[in-house]
Each structure stands twice: as C-alpha cells, then as structure tokens.
Participant: 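Take this structure, written in structure tokens, and hold onto it; I'll ask about it next.
The structure displayed is predicted, hence computed values, not measured ones.
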Amino acid sequence: MFGWRIGGFCLCICLLGLAGCGSSLLQVSQDGQNTSPADMASASAQPEEALAAFIEAWAAQDFPAMYEQLASRSRALYSQAQFADQYTSAHSSLGFAGVNHQLRGIDYQGATAILRYDIAISSPAFGTIDDSDRVMRMLPESGWKIAWSPMDIIKGMSSRARLTPSADFPRRADIYARDGMPLAQQSSLIYSLYAVQGDMSNIESCLATLAAATRMETSALRRIFADYLGETRFHIAEIDQSRYDSYREALAQDCDITRSEGAFSKVRSYNSRSYYGQGIAAHAVGYIGAIPADELERWQARGYESGSVIGRAGIEAAYEAALAGSPQRFLRIVETGGAVIRELAGAAGLAPRSVTLTLDRNMQDSMAQAIADAVNYAQPSWGGLTAGGAIVALDVNTGAVLALASYPSFDPQLFNPDTEYRIAAALQRLSNDGRSPLTNKALAEQYTPGSVYKIVTALAAGSEGIWGGDETFDCAYIWQGRGRFSFEDARESRTDWRLLEPGPPPPTGPVNMAQALAASCNPFFYEMGALLFERSANLQVEYAEILGLGRPTGLGELGREAAGELAPPREGTEAINNAIGQGSVGVTAAQMAQMTMLIANGGAFWQPYIVSHIGRPGAPGYEVVGEPMLAAQLELDGGALDIVREGMCLVTTDRDLGTAAGVFGDAPYTICGKTGTAETLGNPHSWFVAFAPREEPEIALAGVMAHSREGSEVVAPMIRRILDDYWGYPQKPYPDWWAEPYVPVKTQSQALAEYLAGG
C-alpha cells in the first residue's frame, strides 16, 4: 500500500480487494512483486507509516519527535543536538515553510526496508522545491526505525556539502517628490566633511556656515568641536551633492574645508543612497540600515542575506517590497571546495519600483530650513529651551501632504552601513538628546493645543445658536462664572491672556464672535464653554470629533500615529478649561492641519495621503496608491463657518485685535490663521494654524513648537517664512529679540495673583 500523506491524513490505495490499508500484511513494491521478510516488524508500524510520521513531524519542525524515529546506529553517529542543528541550518537556507511527500514504492533487502519517495518543500523564497526519487532505509527495531543521514534532508547532502542560498538584488529604486525630483536616490554622491580647528580663521564663522550647510544646531556642533584638539582632523557630517554645491565656497572660506589629494582630504566623497537636502524629509522618507540580528531569519526567508540593507523607517520601510524588488535567487548544494553538486531551485526576481510622494520638494526644503534656522537663531532665547515640534502643510482641495517636518531632525546617513560617520558617537548623541530626534512629532506626539482649539469652540457655539454673530461680549481682564450657571466653577476667577503680557496692554473690550476669535479673548471662550456644557456635556467634544480630532489622520505608513485626546468633561470646570484648549484636550500637528483644511474648504473631508504612486506611469508594475478621496462632506453650519473664517482672517490683518497681525500684516499675500499659546508645567507650547490664500484657499498649515513661547512669537514667523518662499517673495527676517535672553511667560495663576495684589 502507498499513497499521499500530508500532515496526519492518509489516502490509502487498497490492493487485492482488502478493505483496510492498515490491516494488510502483504507488502507490494512498485513493480508489483510481493515480499514477506521473515523478520518483519509488527503490522501496526509499517515502514510507510513510519515515513509519514517522520514527514509530519518534519512539517511541524518537531525535531525531538523526528529524532525518536532514528535507528540506534544513527543515534550513535548524531546526537539529538547535532541532528536538530542540521535541520535548523537547512531550514534557514531553504526558507522552510512546510513539507509533504508521496510514496513511490517499498523494497526489502533482508531485514532492511528501502522506501522510494518524493518530497515537496514549501519555501516563500523559492516556491515549491521538488526533491524526487529519494531513498530512505529503515531497520526493524521495535517497529521500523530510520537509518538516517544528511541525504534524508535533501538528496545530495553530506557532511562535506552544504546548502548555499544566494540572491542578486537589483539597484534599489528611488523615492520622488510630486514633481519627479528625487528625495532618496541610489548610487548618488555623498560628501563627508572633515575639519581642523587650527586651520580656521574664525571658528564662530565656521560654526554658522556648518549649521546652515548641515542643518545641525550650533550647540551640537560646538560639542563635536570640543571633543578634539586644535590640530586634530575630525569628521563633522555628510551632505548631498546639492548642499555641497551650495556651500562649497563658504565651507572653504570659513572652515578651510576643501578637497585635496590623499587620505587626509577634508572633503571625501563616495557613492551610496543619498537623501536630498541633508534629509529634509527624514521623518517621512525614513532611512535604510542593516538588518537587526533578531530579524535576520525572517529576512533571510525573503532572500536577504546578513549583509543586506533594508528600509528601517518611514516610506523606506513601508514600501520595502516595491523599492527593493525581489532578488533573483539560487539554492545550491556546494562541496567544501566550492564545486556545485546540485542546483536545487531558483526564483526570478522582481524589478524594483520607485515610490512617488505628494510632497512639494521646494516647500519641504523651505520648511525644514525655516525651523532649523529659527532654532539656531533663537538659541539665546527659546531655541535653547524648546523640546522640538513640527509643521504640516496639506492641499486644501485634495488632502495631499505638501510638506511635513519634525524637529529636531537627523541625518538618514547615520544608519547607512556605507557612512563615514563615527557611528557609535553619532548614535550616542542622538540617544542623549532628550527631545527624541527620531520621533515624528507631526504624528506620534500630541500636545495641548491652547487657543487654536478656540476654532472648535467658536464653530460649536455658532452652530448651536449659543451665541449670535452680531452679539457683543465685553472682554475684560477677569472672567467670573460662579453663580451664573447651573454648576459651580472650581475657580473663582479666570484671566485673559493679555493680563500675562508686560504692561499689561489694555483689555480687549466689546467684541463680537469673530473679533473674539481674532483677539483670542479667553473670557469669551470661557463663557462659550460653560454655555455649551449646560446645553449638553459632550457637545464641544462632538464638534471636535466632526473636525477629525481624537483619531489618527490615516498617515500610518509613516510610523506610529497618536490618536489625540478628547475626554468628555465630567463637570463644568473641565468644559471651561477645554474651551480654550487646555484641560483634557490633546492633538497632533497633522490633526490640526486637517481641521484647518476643513474650515478652509467648507467641510470637504479629503482623506490625507502622502504616497501618490509606485513605479512610472505606463511602465510595468505601475500602481496608483493614493489619490484625492472625499471621505465625507460635512454639513457644517454656513453662518458659523463664515464667522470662524472671518475671525481667522482678522487674526492676521486687524492691527488692533489680530494676534498675528504683526507677523502677517505686511505680507504681499492674504492668509487667515489662529495663534495658540498652551500653558504647560514648563514653558508654553507655541501654535499657529492657517490657510492661504484667503480668497481661494490652496494650503492649510499647522505648526507647534513645544516649550517655547507664544504662538504669535514663534511658529507664526516660521510659517510666514515658509509662505514667503512658497510664493517667491523676500523672506521676512526673524524677530531681533529671538537673539536676546529668554524672558519667562507668566502663567494665569501668576498673572491673577499679581493683578489681585495690585501688581
């Protein structure tokens, strides 16, 4: 009897009219000759059943169970550990995923059973590996036992031969911006910069030039300089071709960093994968690196080798299969001397395919530079204190991500095995940076939003008829809600932000809803928070959810994305805090950009996306990944929406009320926005959101700089510079006071105490 056995299932072919396979004592070979050896094992443990049990244990990689079936002679030659090691090694080379067999026939030579059979090994790397016309010998030892040798793994194996997989990977494909310009490019020139402090005419000038060329902080460069003596040549950073061309003359003049002949040149170059502009989009594009040791076996099953590189973060990781393609693979049995005994399998590779993103490369470059320049310039003030932040820009009419920058950033070359960085020292600097440079702060970190959240409160109050567009409110320094509502505010008095300012400036005075938004009048929004809570405890949260807050934006291919926080207020006091973006409210920069997009386009909820397509249009394997998708058309109240948009436009234009008029009042284009200053246990978070132009909005932006200063003072000037560059206007200089010592921002409690004390 013989047949297929897969797992524990046996399909018996019964011969000579016998009803059951297991009850037959007659053994039939393939050529039909009957044999009945005198020393046959019991009928309940036939050779074919022993083979099937062995293959079943093999499929489950149950090496102890397999070893139990070995004959005593084989056990003497191979310990259980040696036996298991041989299979483990073979499985690693094969990319083993399962095995089944087909019995061809059984012959007997004296007491030895000779089984002829075929096996088929499943392998994700090589498909099905057919190993036909195999022979297994069995001996009767309390049932049939296997006289095992390495040939029972793969025919042709021996102690002098090994399984050798090889893979030929094609050139990794590039990652492009929306205009087809590269963001990550294979086989591109990278320039390593070295310096000798003793050769510099002015170290401070050199530090400034290096900071601009590398986008590194001056303070970080100072720490590198401090590790070396004046006459020592040391490595600083690596930059791509475009930045080297831009700063070649300045590097030579200010730092004496020039190319020369020999091993001690201060400029060295090599070809590898390069990231445009010193990694302007490092947190989106990602980086490549060596396969981690604990993942090696998994990648080897896909045809990779221990020296291969893979995408380790961002788009590089999410689209590894497309960017790397798959290698042409070979599996051979090779003798110790290198002679090929047998070609086992081969698999054709797949050509790599490029990935095109929605990023506008010029805007991304400008955004990364604007943040780096701001932090460097403001080192004496908030720049040396901030925990970092992010800015995001979306296309108002499609949801496409135009730019996304997280700060502090990092050089993707640090993880490339080809790099000339002193890797241990460079990675240690990253690890020691408490601002978590590798974290994508646009998506993975959520922040208290402060006054930018007043957009939500204004839309809710207007939509629910809580406050009419023409009604006025007297915005004073102090707001008191006790005794006026159906609940008691835990705070007897609350302050307007103007009371926190030096002076302080006069109270805002009578305002309508749009003007209250423009002036960011805290008392007005305390009032709205209380009234909304009286109408319905969750009303404010419901409007925030309508605008996309409290859930990820869907850009998960860039890595972990925080959902934000929108806890329903348990009491009126919490609702009042939440109304001004304090309390139990947390948002990401990407969520706030999405919210601003909805305000700008009237509620067209375009799904944000960052990957456009894979491959080249018209080429084999071309695939559209992301395109404009209208997830929902929100039925926002038109009157309330007009009030919110009017208030946001007054923020940048009304010289008396607008909190960002000093930044954008002289802009040669129109922009509508909202500032935010979120009180924290440390320095406040600075926020600014905006859409532009006012008449036909194209872009929605949102930015945050944690633990810095007020929204109008930090993020608004950065976004002004980004838009100046985007529309081709001269850059407005950053404020002079950024270069002066930091003056702490008062908290509401401090301001109230001083006011009540007559200070």
Participant: Within the distance-only criterion (no hydrogens, no angle test), does the side chain of Asp395 pair as donor or acceptor with the backbone N or O of Ala400 below 3.5 angstrom?
Facilitator: no
Participant: For the residue pair Pro412 and Tyr275, what are the closest heavy atoms and their distance?
Facilitator: CB-CD1, 3.5 Å
Participant: Output the distance between atom OG1 (Thr398) and atom CG (Leu630), rounded to the nearest 0.5 Å.
Facilitator: 11.5 Å
Participant: Are side-chain heavy atoms of Thr596 and Leu701 found at a separation under 4.5 Å?
Facilitator: no
Participant: Measure across Gly581 and Thr448 and return the closest heavy-atom pair with its distance rounded to 0.1 Å.
Facilitator: O-CG2, 3.0 Å
Participant: Please step through salt bridge (Lys or Arg N to Asp or Glu O under 4.0 Å) for the pair Asp433 and Arg429, ending with a clear verdict.
Facilitator: CA-CA 6 Å; Asp433 192 333; Arg429 286 195 294 270; over 6 Å; no
Participant: Asn440 versus Leu404: any side-chain heavy-atom pair under 4.5 Å?
Facilitator: yes
Participant: What is the distance from atom NZ of Lys674 to atom OG of Ser712, rounded to the nearest 0.5 Å?
Facilitator: 9.0 Å
Participant: Counting distance only, does the side-chain N/O of Gln591 pair as donor-acceptor with the main-chain N or O of Ala563 below 3.5 Å?
Facilitator: yes
Participant: From the options Gln582, Lys454, Arg498, Glu527, select the one residue that forms a side-chain hydrogen bond (donor to acceptor under 3.5 Å, both in side chains) with Asn522.
Facilitator: Lys454
Participant: Could you check whether any side-chain N or O of Glu679 sits under 3.5 Å from a backbone N or O of Gln748, counting only pairs where one atom can act as donor and the other as acceptor?
Facilitator: yes
Participant: Taking Asn512 for its side chain and Asp470 for its backbone only, find out whether a donor-acceptor pair lies under 3.5 Å.
Facilitator: no
Participant: Would you call Asp724 and Arg720 a salt bridge, using N to O less than 4.0 angstrom?
Facilitator: yes
Participant: Kindly assign one of parallel, tilted or perpendicular to the pair Tyr669 and Trp727, based on the angle between their ring planes and the thresholds 30° and 60°.
Facilitator: tilted
Participant: How long is the straight-line distance from CG of Asp373 back to CZ of Arg721, given to the nearest 0.5 Å?
Facilitator: 6.0 Å
Participant: Please name the pair of heavy atoms, one in Val651 and one in Leu517, separated by the smallest distance, quoted to 0.1 Å.
Facilitator: CG2-O, 4.0 Å
Participant: Measure across Arg435 and Gly388 and return the closest heavy-atom pair with its distance rounded to 0.1 Å.
Facilitator: CD-N, 4.4 Å
Participant: Between Val285 and Tyr276, does a side chain to side chain contact (heavy atoms under 4.5 Å, CB included) hold up when you go through it step by step?
Facilitator: CA-CA 10 Å; Val285 172; Tyr276 175 76; over 6 Å; no
Participant: Nearest 0.5 angstrom please: Ile315 CD1 to Leu558 CG, how far?
Facilitator: 5.0 Å
Participant: Do we see a donor-acceptor contact under 3.5 Å between the side chains of Thr659 and Ser520?
Facilitator: no
Participant: Decide whether a cation-pi geometry holds between Arg709 and Tyr742; the criteria are a distance under 6.0 Å from NZ or CZ to the six-membered ring centre and an angle within 45° of the ring axis.
Facilitator: yes
Participant: Closer than 3.5 angstrom, by distance alone: can the side chain of Thr747 be matched with the main-chain N or O of Gln750 as a donor-acceptor pair?
Facilitator: yes
Participant: Does Arg361 form a side chain to side chain contact (heavy atoms under 4.5 Å, CB included) with Ile280? I'd like the steps, not just the answer.
Facilitator: CA-CA 9 Å; Arg361 196 173 82 162; Ile280 56 172; 4.1 Å; yes
Participant: With rounding to the nearest 0.5 Å, note down the distance linking OG1 in Thr675 to CH2 in Trp687.
Facilitator: 13.0 Å
Participant: Working note: Val644 + Met513, criterion side chain to side chain contact (heavy atoms under 4.5 Å, CB included); need CA distance, chi angles, decisive distance, verdict.
Facilitator: CA-CA 8 Å; Val644 170; Met513 186 182 290; 6.0 Å; no
Participant: Centres of the Phe664 and Phe688 rings: under 6.0 Å?
Facilitator: yes
Participant: Look at the side chain of Glu464 and the backbone N and O of Leu532, then say whether any donor-acceptor pair between them is shorter than 3.5 Å.
Facilitator: no
Participant: Is the CD atom of Glu696 crowded by more than 12 outside heavy atoms at less than 6.0 Å?
Facilitator: no
Participant: Compute whether any side-chain donor of one residue and acceptor of the other, for Glu561 and Thr553, lie under 3.5 angstrom apart.
Facilitator: yes
Participant: Could you check if a side-chain atom of Thr472 sits within less than 4.5 angstrom of a side-chain atom of Gln515, using non-hydrogen atoms only?
Facilitator: no
Participant: Could you check Ser686 against Glu713 for side-chain hydrogen bond (donor to acceptor under 3.5 Å, both in side chains), going step by step and ending with a plain yes or no?
Facilitator: CA-CA 8 Å; Ser686 171; Glu713 296 177 329; over 6 Å; no
Participant: Trp382 vs Trp738 aromatic rings, parallel, tilted or perpendicular, using cut-offs 30° and 60°?
Facilitator: perpendicular
Participant: Walk me through it: do Thr508 and Leu657 pass the test side chain to side chain contact (heavy atoms under 4.5 Å, CB included)?
Facilitator: CA-CA 8 Å; Thr508 304; Leu657 298 175; 3.7 Å; yes
Participant: Should the pair Arg222-Glu204 be classified as a salt bridge under the 4.0 Å nitrogen-to-oxygen rule?
Facilitator: yes
Participant: With the side chain counted from C-beta on, respond yes when Ile719 and Val689 share a heavy-atom pair under 4.5 Å apart, and no when they do not.
Facilitator: no
Participant: After noting the C-alpha distance and the side-chain angles of Asp240 and Arg243, does the key distance pass the salt bridge (Lys or Arg N to Asp or Glu O under 4.0 Å) rule?
Facilitator: CA-CA 6 Å; Asp240 70 342; Arg243 292 196 76 77; 5.5 Å; no
Participant: Out of Thr677, Thr386, Thr680, which one pairs with His685 under the side-chain contact (heavy atoms from CB on, under 4.5 Å) rule?
Facilitator: Thr680
Participant: Within this structure, what is the CD1-CG distance for the pair Ile576 and Asp489, rounded to the nearest 0.5 Å?
Facilitator: 4.0 Å
Participant: Do Tyr407 and Ile391 make a side-chain contact, defined as non-hydrogen atoms from C-beta onward lying under 4.5 Å apart?
Facilitator: no
Participant: For residues Tyr609 and Met629, determine if any side-chain heavy atom of one lies less than 4.5 Å from a side-chain heavy atom of the other.
Facilitator: no
Participant: Do we see a donor-acceptor contact under 3.5 Å between the side chains of Gln278 and Asp411?
Facilitator: yes
Participant: Sub-3.5 Å donor-acceptor pair from the side chain of Thr214 to the main-chain atoms of Leu210, do we have one?
Facilitator: yes
Participant: Quick one: does any side-chain atom of Thr652 pair with a main-chain N or O of Cys649 as donor and acceptor, under 3.5 Å?
Facilitator: yes
Participant: For residues Ala444 and Arg560, report the shortest heavy-atom separation together with the two atoms involved.
Facilitator: O-NH2, 3.1 Å
Participant: Please say whether more than 12 non-hydrogen atoms of neighbouring residues, nucleotides or ligands are located less than 6.0 Å from CG in Asp736.
Facilitator: no
Participant: Side chains of Arg215 and Ile239, heavy atoms from C-beta outward: is any pair under 4.5 Å?
Facilitator: no
Participant: Between Ser406 and Lys441 (side chain of the first, backbone of the second, donor and acceptor by atom type, cut-off under 3.5 Å), is there such a pair?
Facilitator: yes
Participant: Got a donor-acceptor contact below 3.5 angstrom from the Thr358 side chain to the Val401 backbone?
Facilitator: yes
Participant: What heavy-atom pair brings His283 and Pro437 nearest, and what distance separates the two atoms?
Facilitator: NE2-O, 2.6 Å
Participant: Under 4.5 Å between any side-chain heavy atoms of Pro684 and Glu710, yes or no?
Facilitator: no
Participant: Would you check if there is a donor-acceptor pair between the side chains of Glu445 and Tyr447 at a distance under 3.5 Å?
Facilitator: yes
